[in-house]
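Numbers restart at 1 for each chain; the letters A, B, ... are given by sequence-line order, proteins then strands.
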Protein chains: 2
Amino acid sequence: MQLPEAKQKFIETWGKLGSEWGINRTMAQVHALLLVTPDALTTEEVMEELSISRGNANMTLRDLMSWGLIEKQHKPGERKEYFYADKDIWNIARQVAKERRKRELEPVLKVLDELVQVKGDKNDPAFKTFHKSVTDINKMSKNVDRTLDTMLKADESWFWGSIFKIFK
Amino acid sequence: MQLPEAKQKFIETWGKLGSEWGINRTMAQVHALLLVTPDALTTEEVMEELSISRGNANMTLRDLMSWGLIEKQHKPGERKEYFYADKDIWNIARQVAKERRKRELEPVLKVLDELVQVKGDKNDPAFKTFHKSVTDINKMSKNVDRTLDTMLKADESWFWGSIFKIFK
DNA sequence: TTAAACTTTCAAAACTTTTTGAAAGTTTAT
DNA sequence: ATAAACTTTCAAAAAGTTTTGAAAGTTTAA
């Protein structure tokens with residue numbers, strides 16, 4: 001397989017994975033493109049490479065910036081904006097975990113905390129089942145939350161080192 | 001808040017979380033409903049509770065079975081099929097991890113393994129960047145894969161106990 | 001065998017999300 | 001101030017996903 005075909009395949013695969021995990025396909029593809037491109041690209045170049053419209057490219061690039069996955073670069077003497085991706089996979093994973101935690105896990109935890117408080121008849125099986133499930137999910141979510149928190153603060157070698165100690 | 005409202009809220013929240021993570025909203029809602037319901041429900045009852053059509057209920061229940069999250073139950077002397085959810089949150093998490101690993105992570109690993117093999121000019125920055133990103137992602141994915149594998153075999157108390165040892 | 005009870009299917013409709021592209025907005029250089 | 005170069009917006013269109021419900025299929029009991 002040659003480089004251009006391989007690049008294409010990578011962009012496609014990453015896009016598919018993204019869409020299966022609730023990330024818009026185009027966003028994942030633009031990210032993939034920037035990941036395998038050594039230098040920063042303009043909106044125009046992204047549009048060209050992926051055959052997408054100006055509006056779509058612009059929105060997607062802004063989204064990627066709001067996720068902290070890419071950054072703008074200004075070249076001296078040029079008006080155009082160039083975009084490049086952080087290539088450190090560990091940073092990417094952290095960044096994604098951080099955003100999803102904030103956007104999705106936190107609101108769920110808030111609701112669960114409320115639902116755990118709901119009072120009811122301890123002899124009613126409907127109440128007992130509700131209470132147990134909600135409490136269990138709440139506990140697990142809090143564990144996940146705490147684990148993510150630590151992971152976000154951690155550095156890579158330490159993290160995988162520790163994981164390997166358990167999972168040897 | 002009273003039980004029926006709380007139940008409603010739980011079903012809604014779980015559905016929203018599901019859809020953000022690439023799981024169809026209705027599927028997550030049906031699962032939520034069965035999680036907080038002490039006894040097994042018929043298709044009819046699920047349709048009723050969530051105001052969904054017969055076709056939708058049937059497909060969703062089958063999907064949930066294929067994910068290993070719910071099971072059919074037959075009551076003696078009855079023709080109807082009853083469905084109930086495994087209420088053990090740890091099992092649920094394991095089951096979901098197992099399925100997603102099989103359905104999504106494995107195919108990606110296969111492609112990455114191919115892409116890592118792609119040969120090119122070591123002085124070409126385009127090739128160098130491609131190769132490095134693909135290799136890094138491949139390594140991280142393999143780590144995730146191995147970690148999941150261990151987690152799938154593990155039992156809950158052992159798992160969180162070990163996690164806490166690291167993340168204390 | 002028949003028919004009632006129940007489950008499954010799937011094409012069409014409804015709904016949701018994403019994309020487009022032209023127009024409006026902004027910035028910079030002269 | 002003007003105009004060229006560039007970025008952003010957003011309503012409408014396209015694409016993708018989910019849901020419906022009626023019809024077909026299956027199972028069971030008598």
SB check [X] [Y] (cutoff 4.0 Å):
{"X": "B/E99", "Y": "B/K102", "result": "yes"}
{"X": "B/R94", "Y": "B/D88", "result": "no"}
{"X": "B/D149", "Y": "B/R101", "result": "yes"}
{"X": "A/K16", "Y": "A/E20", "result": "yes"}

Which of these nucleotides, C/dT8, D/dT18, D/dT8, is closest to any side-chain atom of A/K72?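 For A/K72, the side-chain atoms sit closest to D/dT8.
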Nearest-nucleotide comparison on DNA chain C, the residue closer to the 5′ end among B/R25 and B/E44: B/E44
Nucleotide N/O of nucleotides 24-29 of chain C paired with protein N/O under 3.5 Å:
{"from": "C/dT27", "atom 1": "O2", "to": "A/R79", "atom 2": "NH2", "distance (Å)": "2.8"}

Checking the side chain of [X] only, and the main-chain atoms of [Y] only, is there a donor and an acceptor separated by less than 3.5 Å?
{"X": "A/K7", "Y": "A/Q2", "result": "no"}
{"X": "A/K80", "Y": "A/L41", "result": "no"}
{"X": "B/S133", "Y": "A/L35", "result": "yes"}
{"X": "B/E45", "Y": "B/T42", "result": "yes"}

d([atom1], [X]; [atom2], [N]) in whole Å:
{"X": "A/N24", "N": "C/dT16", "atom1": "CG", "atom2": "P", "result": "18 Å"}
{"X": "B/M65", "N": "C/dT7", "atom1": "CE", "atom2": "C1'", "result": "11 Å"}
{"X": "B/H74", "N": "C/dA5", "atom1": "NE2", "atom2": "C1'", "result": "14 Å"}

Determine: side-chain N/O of B/T43 to OP1/OP2 of C/dC6, distance under 4.0 Å, yes or no. no
What does D/dT17 pair with, Watson-Crick or G-U, if both distances are under 3.5 Å? C/dA14
Taking only heavy atoms on the protein side, list every residue of residues 45-63 of chain A lying under 4.0 Å from any atom of DNA chain D, sorted numerically.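 Output list: A/R54, A/G55, A/N58, A/M59, A/R62.
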Comparing A/K80 and B/I23 on DNA chain D - which has the more 5′ nearest nucleotide: A/K80
So for atom CD, which belongs to B/E106, do other residues, nucleotides or ligands contribute more than 12 heavy atoms lying within a distance under 6.0 Å?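 Enclosed.
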